[in-house]
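One structure is given below, encoded as structure tokens.
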Amino acid sequence: MDIIAQLFAGLSLGSVLLLAALGLSLTFGQMGVINMAHGEFMMAGAYTAFVIQGVVGDAGVSLLLALPLGFVVGGLLGLLLEATLIHRMYRRPLDTLLVTWGVALVLQQVARDVFGAPNVDVRAPAWLSGAVEIGGLALPRTRLFILALAIVCVVALALALRATPLGRRIRAVVQNRDLAEASGISSRATDRVTFFIGSGLAGIAGVTLTLLGSVGPTLGTNYIVDAFLVVVAGGIGQIKGTVIAAMALGLMQAFFEYSTTASVAKVLVFVAIVAFLQLRPQGLVSVRTRSLA
Amino acid sequence: MRLRSTSRYGATRLSTVSLAALCVVALSACGARVDAGSDTSASAESCVDTSGDTVKIGFLNSLSGTMAISEQTVHDSLELAAQEINADGGVLGKELEIVSEDGQSEPTVFAEKAGKLITSDCVAAVFGGWTSASRKAMLPVFEAQDSLLFYPVQYEGLESSPNIFYTGATTNQQIVPALDYLVEQGTKSLFLVGSDYVFPRTANKIINAYAEAHDIEIVGEEYAPLGHTDFSTIVNKVKSADADAVFNTLNGDSNVAFFKEYKNVGMSADDMPVVSVSIAEEEVGGIGIENVEGQLTAWNYYQTVDSPANTAFVEAFKAEYGEDRPTSDPMEAAYTSLYLWKAMVEKAESFAVEDVTAAADGVTFDAPEGEVVVNGDNHHIAKTALIGKIGADGLIHTEWSSEEPIEPDPYLEGYDWADGLS
């Protein structure tokens, strides 16, 4: 029974990591931008949920409203960042790291000034409180909801990339930017849309995190390292890899933690990833491209 | 492309090196300054100037960084105490002049600013510090300069410096009474959950020793890294251990994730109460009242304490900082610390450190938490322990209290079961 409970805990943690990393796999994986402010877009999504709950009142309605609005808020912040700073440094990945880290600090301080330094509370709707009992096993409803939401986001993103003209353009730019441009694709416009979607997904992740943990200015920093780990281990630029890596990380953390302690589990997961990257520096799944860069 | 990126790496490395060099230069400059400072004061007497109408005191709290959330509240109540004292004629007829420094949540900055307050601002005493790391960093500075620090936060005990007064609880005034309460309630088994650093580990060592002597079974002991946000595994372990109660020494944001998870798997205070030692009124709102309602806390002060001194304190605080601001144990301890220093100075009729410490024993103050008495031997104060229950109003209501103020015993020398702990 404990094993099943841990299996669920692992999948659930995996789905949280997946939501946090999905947007990053687009912006970092597909565009090569190291965006340290990704966590702060999550924080913005979480505060969006808080503000909406303050306006609407009802926890259920506000959560359902916050998901699309969190996407838009995160996306717009990303668009702003892309248009003002990042597009100037697409070929300078190290500089984007510093610049976006600075942006992250600024956003944290803005949140602190606007909403105050202490954490705020976002209430979970009644239909998400408590657990579903299946054969003596208590599965928290919030975690089932997040698992379902992660699946929806992955399917939606995969469909958008595969079946829409926009998705074709994104994939073309990822595989060979120069050739895509030569074929008449505006890589500038494609970059913007990609960044909007990636940042918007961070916003959604932020909204869901309000169901699990604290909502404060540093919410994003707790997840950013794990999110990068997922993307790197999963392989740059592939959703499939991100999904597998997120679930593997979640399960590893849950089972290591069960047999040892939380601190040791964290170390073991890091060791496992380092060892894995030694064997497969390109990650689980990698795109083969003919691009020269 | 490859060539360019190599040269870029080269440039980065170069700038890293030069940055590092800059840091070294800056650090050695700081070191030189601090050394110079200690040299001068070792030869010269303290530079505190009490000839005028004012006397300087220092407030050293983190007003930026991760601890700012908590320490700002302590800073606010220190300011309040200073205003009240000044409005009432000051200390020995001298108005208090406050020098505020920001500890920036960094122990090294605390030590450096403490040195600055003592040797260049020449303050008569310093009030502040929160984390044990900050106190440990400041301790040698205060001892070397023979100056005074008033430290207002509950801590893990096992310390007693002649230059520090501890106005928060030591372990025998917070953790031990909480265990006494649990024993009284018929608790036979405990699950320990804490953050992975010095305070929870020390606290749990004490709890283990206590449990062994009092026939309590420790059914689990789990530590989460600071900032840990996923508690499903730990809560699973807690749930399947089925203890009578949980003793919680988690710190900061982890509490939010822990209590949300605890509630989500369907557990409540009725099934397995959680006793927390680092959740005060200030934190309840951020965790969400619905997630912690009915859970227990162990402190020496709550906003709901029913005494004329507390009514006056709460009213004055709310009038100064706003109706929505709660008062909590560390804030009260900080407020009390300034009044205790005033009482010591007035008893000694001197601002000099040796006179103040000599006069300290037996100094009392009618604090918001009740009357407190300074113990001149270990520089802690006698405090009443209060076990509280978090109510639906977001405030904490006293459920149980020790019959009288408990004498401070930082090394737990008066407890047989604690042999070999210190």
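Reminder, nothing fancy here: chain letters follow the sequence lines and each chain counts from 1. As the structure is a prediction and not an experimental result, all values here were calculated from the model.
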Restricting to non-hydrogen atoms, name the atom on [X] and the atom on [Y] that form the minimum distance, rounded to 0.1 Å.
{"X": "B/T233", "Y": "A/A9", "answer": "OG1-CB, 4.4 Å"}
{"X": "B/G285", "Y": "A/D121", "answer": "O-CB, 3.2 Å"}
{"X": "A/A138", "Y": "B/V265", "answer": "CB-O, 4.0 Å"}
{"X": "B/A224", "Y": "A/A262", "answer": "CA-CB, 3.9 Å"}
{"X": "B/N264", "Y": "A/S129", "answer": "OD1-CA, 4.5 Å"}
{"X": "B/N236", "Y": "A/Q6", "answer": "ND2-OE1, 2.9 Å"}

Which bit of [X] is near chain B, if near means a heavy-atom gap under 4.5 Å: side chain, backbone, both or neither?
{"X": "A/V215", "result": "neither"}
{"X": "A/T218", "result": "side chain"}
{"X": "A/F8", "result": "neither"}
{"X": "A/R112", "result": "neither"}
{"X": "A/L139", "result": "neither"}

So do the side chains of B/E221 and A/T261 get within less than 4.5 Å of each other, counting heavy atoms only?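 Answer no - side chains too far apart.
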Interface residue of largest heavy-atom contact number with chain A, from B/E290, B/K260, B/K263, under 4.5 Å: B/K260
Among the listed options B/E283, B/E261, B/M267, B/E282, the residue most often paired with chain A at heavy-atom distances under 4.5 Å: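 Looking at each option in turn, the highest pair count goes to B/E261.
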Give a yes or no on this: more than 12 heavy atoms of other residues, nucleotides or ligands lie within 6.0 Å of atom NZ of B/K389.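 Counting other residues, nucleotides and ligands, NZ of B/K389 stays at 12 neighbours or fewer.
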If you count heavy-atom pairs within less than 4.5 Å of chain B, which of A/R123, A/R141, A/E133, A/R143 leads?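 Answer, by heavy-atom pair count under 4.5 Å with chain B: A/R143.
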Heavy atoms only, distances under 4.5 angstrom: which of A/S214, A/G130, A/A254, A/A131 has the most pairs with chain B? Name it, please.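 Looking at each of A/S214, A/G130, A/A254, A/A131 in turn, A/S214 comes out on top.
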Do you see a donor-acceptor pair shorter than 3.5 Å between the side chains of B/T229 and A/N222?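 Side-chain D/A pair, B/T229 to A/N222: absent.
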Value rounded to 0.5 Å, distance of OG in B/S232 from CD in A/E257: 7.0 Å
